[in-house]
Peer 1: 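What follows is a structure written as structure tokens; I'll ask about it next.
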Amino acid sequence: MFFTCGPNEAMVVSGFCRSPPVMVAGGRVFVLPCIQQIQRISLNTLTLNVKSEKVYTRHGVPISVTGIAQVKIQGQNKEMLAAACQMFLGKTEAEIAQIALETLEGHQRAIMAHMTVEEIYKDRQKFSEQVFKVASSDLVNMGISVVSYTLKDIHDDQDYLHSLGKARTAQVQKDARIGEAEAKRDAGIREAKAKQEKVSAQYLSEIEMAKAQRDYELKKATYDIEVNTRRAQADLAYQLQVAKTKQQIEEQRVQVQVVERAQQVAVQEQEKLTGVSISQVNHKPLRTA
């Protein structure tokens, strides 16, 4: 007969011609009735609530810890499956879970005894890693692998953790006050620095404006001097030209007078020679024919 099983369980066939027994995880197997026997073992993941009540830590402070672990029989590893079959074949899931739980709880208590409350409380990751590591190395010999372990809760009946919390709260509040004071101080420093930079920028701006005004006035004065100089040169050139023109006119007038005078002298000389006044000749009446 053929028997099958899902991926969450394994079959073990023993008996005639099955030495050693055949282990099949998630598959099918042929079984001879009456002379061979088939048994099944669960490969489901088991969730364990690992509680350790009032365990004395390294400094003698009793605390209670609760962890959550996920474990399962490893069906893909033949050696681990064989070990699990030797340990748990014929047992129910509850019985397997109880054995794994007691093993985990023992390792959890042992690690708690070697750590202080502060170490467990402040570094839960470290505690979880240690429990996971120690429990995994032990359970693997049973064919069980620890899928995960997480520290769920820590509490005590002596208010020790509450005192730690108050101290931590006070420290946090103190740090917060210090941080707030430092923040205000830094804000004041930044504000003062910003104001100083603003005033400096304003002064620099005014200085630049004054420099620009000075440069403008200097350039304007230079331009005014140049314009006035050229204007004065132009006026002087005009006056010189006017004077030259007047001088030329005067020279021409004098020349005209000289010519006129010369003509008068010539006329007088001519009159003396002829004994007749040119003016008389010019005024003698004409005879008619």
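As the structure is a prediction and not an experimental result, all values here were calculated from the model.
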Peer 1: Going from OG1 on Thr92 to CD on Glu95, what distance comes out if it is rounded to the nearest 0.5 angstrom?
Peer 2: 3.5 Å

Peer 1: Short question: side chain of Gln268, backbone of Val265 - any donor-acceptor pair under 3.5 Å?
Peer 2: no

Peer 1: Hey, is the main chain of Arg58 close enough, under 3.5 Å, to the side chain of Thr116 for a donor-acceptor pair?
Peer 2: no

Peer 1: Under the salt bridge (Lys or Arg N to Asp or Glu O under 4.0 Å) rule, collect the residues that match up with Glu102, sequence neighbours excluded.
Peer 2: none

Peer 1: How far apart are the closest heavy atoms of Leu151 and Ser128, and which atoms are they?
Peer 2: N-OG, 3.3 Å

Peer 1: At their closest point, which heavy atom of Glu53 faces which heavy atom of Ser64, and how far apart are they?
Peer 2: OE1-OG, 3.1 Å

Peer 1: Within a 6.0 Å radius of atom CD on Glu251, are there more than 12 heavy atoms belonging to other residues, nucleotides or ligands?
Peer 2: yes

Peer 1: Flag the pair Val55 / Ile63 as yes when at least one side-chain heavy-atom distance between them is below 4.5 Å, and no otherwise.
Peer 2: no

Peer 1: Take Lys246 and Glu250 through the salt bridge (Lys or Arg N to Asp or Glu O under 4.0 Å) test and state the conclusion after the steps.
Peer 2: CA-CA 6 Å; Lys246 289 181 177 180; Glu250 184 65 23; over 6 Å; no

Peer 1: Do Gln248 and Gln252 meet the criterion of a side-chain donor-acceptor pair at a distance under 3.5 Å?
Peer 2: no

Peer 1: Atom CD of Glu118 and atom NZ of Lys122: how far apart are they, to the nearest 0.5 Å?
Peer 2: 6.0 Å

Peer 1: Would you check if the side chain of Asp123 reaches a backbone N or O of Glu119 as a donor-acceptor pair within less than 3.5 Å?
Peer 2: no

Peer 1: Is the closest side-chain heavy-atom distance between Lys91 and Ile99 below 4.5 Å?
Peer 2: yes

Peer 1: Which pair of non-hydrogen atoms, one from Arg109 and one from Ser52, has the smallest distance, and what is that distance?
Peer 2: CG-OG, 3.4 Å

Peer 1: Do Val65 and Gln108 come close enough that some side-chain heavy atom pair is under 4.5 Å?
Peer 2: yes

Peer 1: Within the supplied structure, the quantity of interest is the number of heavy atoms (other residues, nucleotides, ligands) at a distance under 6.0 Å from Arg261 CZ; does it exceed 12?
Peer 2: no

Peer 1: Where do Ile73 and Ser42 come nearest, in terms of heavy atoms and distance?
Peer 2: CD1-O, 3.5 Å

Peer 1: Indicate yes or no: at least one non-hydrogen side-chain atom of His155 is less than 4.5 angstrom from one of Asp153.
Peer 2: yes

Peer 1: Would you say CZ of Arg230 has more than 12 non-hydrogen atoms from neighbouring residues, nucleotides or ligands within 6.0 angstrom?
Peer 2: no

Peer 1: Under the rule for side-chain hydrogen bond (donor to acceptor under 3.5 Å, both in side chains), what residues qualify as partners of Ser136, not counting sequence neighbours?
Peer 2: none

Peer 1: Could you check Asp215 against Lys219 for salt bridge (Lys or Arg N to Asp or Glu O under 4.0 Å), going step by step and ending with a plain yes or no?
Peer 2: CA-CA 6 Å; Asp215 294 342; Lys219 289 182 179 180; over 6 Å; no

Peer 1: What heavy-atom pair brings Ser137 and Asn141 nearest, and what distance separates the two atoms?
Peer 2: O-ND2, 3.6 Å

Peer 1: Does a side-chain heavy-atom distance below 4.5 Å link Ile68 with Gln70?
Peer 2: yes

Peer 1: State, yes or no, whether a side-chain contact exists between Tyr56 and Val61 at a heavy-atom distance under 4.5 Å.
Peer 2: no

Peer 1: Is it the case that over 12 heavy atoms from other parts of the model lie below 6.0 angstrom from the CD atom of Glu79?
Peer 2: no

Peer 1: Looking only at heavy atoms, which two atoms of Leu139 and Ala100 are closest? And how far apart?
Peer 2: CD2-CA, 4.3 Å

Peer 1: Side-chain contact, heavy-atom cut-off 4.5 Å: Glu129 with Lys133?
Peer 2: no

Peer 1: Has Gln257 got more than 12 heavy atoms of other residues, nucleotides or ligands less than 6.0 Å from its CD?
Peer 2: yes

Peer 1: Treating Ser205 as the side-chain partner and Ala201 as the backbone partner, does any N or O pair qualify as donor plus acceptor under 3.5 Å?
Peer 2: no

Peer 1: Just by distance, do the side chain of Gln130 and the backbone of Phe127 share a donor-acceptor pair under 3.5 Å?
Peer 2: no

Peer 1: Taking the side chain as C-beta and beyond, is there a heavy-atom pair between Lys51 and Asn49 under 4.5 Å?
Peer 2: yes

